[in-house]
Amino acid sequence: LSNKMKIICAGFPKTGTKSMAKALRLLGYTVNDFEEHLENIDEFLNFFDGEKDSTALMSLHRNIDAVVDQPACTMWHTFFQHYPDSKVILMERDSPEEWFASFVKMIERHEKLHKVWFENYISWFSPTKRKFDRLVVHNMVRCAAM
């Protein structure tokens, strides 16, 4: 693989990932954040489900300068194995309790502003929602394992 990848951000959500992505973009880096990762959801799921090794997934990032947020942050070591010349940046909150409180606040805010009564049923009809739900489960399991 090309060694274009320069920065791997290993910080979980709510540790400054959006600020880091914005700063890196202002500095001229191409950045894949959570939203861009979703464009490659099938390759992430193939890797997480053990259907493929990481080669295909990593090749999708060969022209990207930096990755931040989930799911990349929970697999920073895999990225580093493929891009050993990159720098790994770990962003953290002051304490696990502070991080958890911020994460819960984000989830509660999302539910208050965006959740609709039929959200729990969308996955019955939407293959994309089912994929997203699987990705969320993989992210949570990988976070808990770290």
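This is a predicted model, so every value here is computed, not measured.
Tracing side-chain contacts under 4.5 Å through hydrophobic residues (I, L, V, M, F, W, Y), one reaches Phe103 starting from Phe34; they form part of the same cluster. In the hydrophobic clustering of this structure, Leu90 does not group with Ile7; members are Ile, Leu, Val, Met, Phe, Trp, Tyr whose side-chain heavy atoms approach within less than 4.5 Å, directly or through other members. In terms of hydrophobic clustering, with Ile, Leu, Val, Met, Phe, Trp and Tyr side chains grouped at heavy-atom distances under 4.5 Å, Val136 and Phe12 are assigned to a common cluster. Under the 4.5 Å side-chain contact rule for hydrophobic residues, Phe125 and Ile122 share a cluster. Connection of Val68 to Met75 is not established within any shared hydrophobic cluster, with ILVMFWY side chains joined at heavy-atom distances below 4.5 Å, either directly or through further cluster members.
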Report task. For side chain to side chain contact (heavy atoms under 4.5 Å, CB included), just list the numbers for Arg62 and Leu60, CA-CA rounded to whole Å, side-chain angles, deciding distance to a tenth of an Å, and then say yes or no. Result -> CA-CA 6 Å; Arg62 70 178 163 268; Leu60 295 173; over 6 Å; no
Requested in this report: Just do the side chain to side chain contact (heavy atoms under 4.5 Å, CB included) check on Leu135 and Leu45 with the steps written out, would you?
Outcome: CA-CA 7 Å; Leu135 184 66; Leu45 289 173; 4.3 Å; yes
Requested in this report: Evaluate the side chain to side chain contact (heavy atoms under 4.5 Å, CB included) criterion for residues Thr78 and Phe47: first the C-alpha distance (whole Å), next the side-chain angles of each, then the deciding distance (0.1 Å), finally the verdict.
Outcome: CA-CA 11 Å; Thr78 303; Phe47 172 70; 4.1 Å; yes
Requested in this report: Test Met58 against Tyr83 for side chain to side chain contact (heavy atoms under 4.5 Å, CB included), laying out the working first.
Outcome: CA-CA 9 Å; Met58 292 299 117; Tyr83 300 102; 4.2 Å; yes
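In this structure, Asp49 CG and Phe44 CZ are separated by 13.0 Å, a value rounded to the nearest 0.5 Å. Note: Ile8 CD1 to Ile64 CD1 = 13.0 Å, rounded to the nearest 0.5 Å. Atom CD1 of residue Ile89 and atom SG of residue Cys9 lie 4.5 Å apart, to the nearest 0.5 angstrom. One finds the OG atom of Ser59 at 9.0 Å from the NE2 atom of His82 (value rounded to the nearest 0.5 Å). In this structure, CG in Asp69 is found 9.5 Å from NZ in Lys14, a value given to the nearest 0.5 Å. To the nearest 0.5 Å, atoms CD (Glu43) and NE2 (His61) are separated by 10.0 Å.
For residues 107-117, there are no salt bridge (Lys or Arg N to Asp or Glu O under 4.0 Å) pairs, not counting sequence neighbours. Among residue pairs with one or both ends in residues 29-42, those qualifying as side-chain hydrogen bond (donor to acceptor under 3.5 Å, both in side chains) are Lys18-Asp33, Lys18-Glu35, Arg25-Glu36, Thr30-Asp65, Asp42-Lys131; sequence neighbours excluded.
Ring-plane geometry between Tyr121 and Trp124 is classed as perpendicular, the angle between the planes exceeding 60 degrees on a 0 to 90 degree scale with a lower cut at 30.
Across every non-hydrogen atom of Cys73 and Pro13, the tightest pair is SG-CD, 4.3 Å.
Residues Lys6 and Lys87 are not in side-chain contact: their nearest non-hydrogen atoms beyond the backbone lie 4.5 Å or more apart. You'll find the side chain of Phe100 stays beyond 4.5 Å of the side chain of Arg93, heavy atoms only. Side chains of Gln70 and Cys143 form a contact here, defined as non-hydrogen atoms less than 4.5 Å apart.
Ser102 places no side-chain N or O within donor-acceptor distance of the main-chain N or O of Trp99, the cut-off being under 3.5 Å. A donor-acceptor contact shorter than 3.5 Å links the side chain of Thr74 to the backbone of Pro71.
Remark: aromatic rings of Phe79 and Trp76 are distant, center separation not under 6.0 Å.
Heavy-atom contacts from other residues, nucleotides or ligands closer than 6.0 Å to NZ of Lys129 number more than 12.
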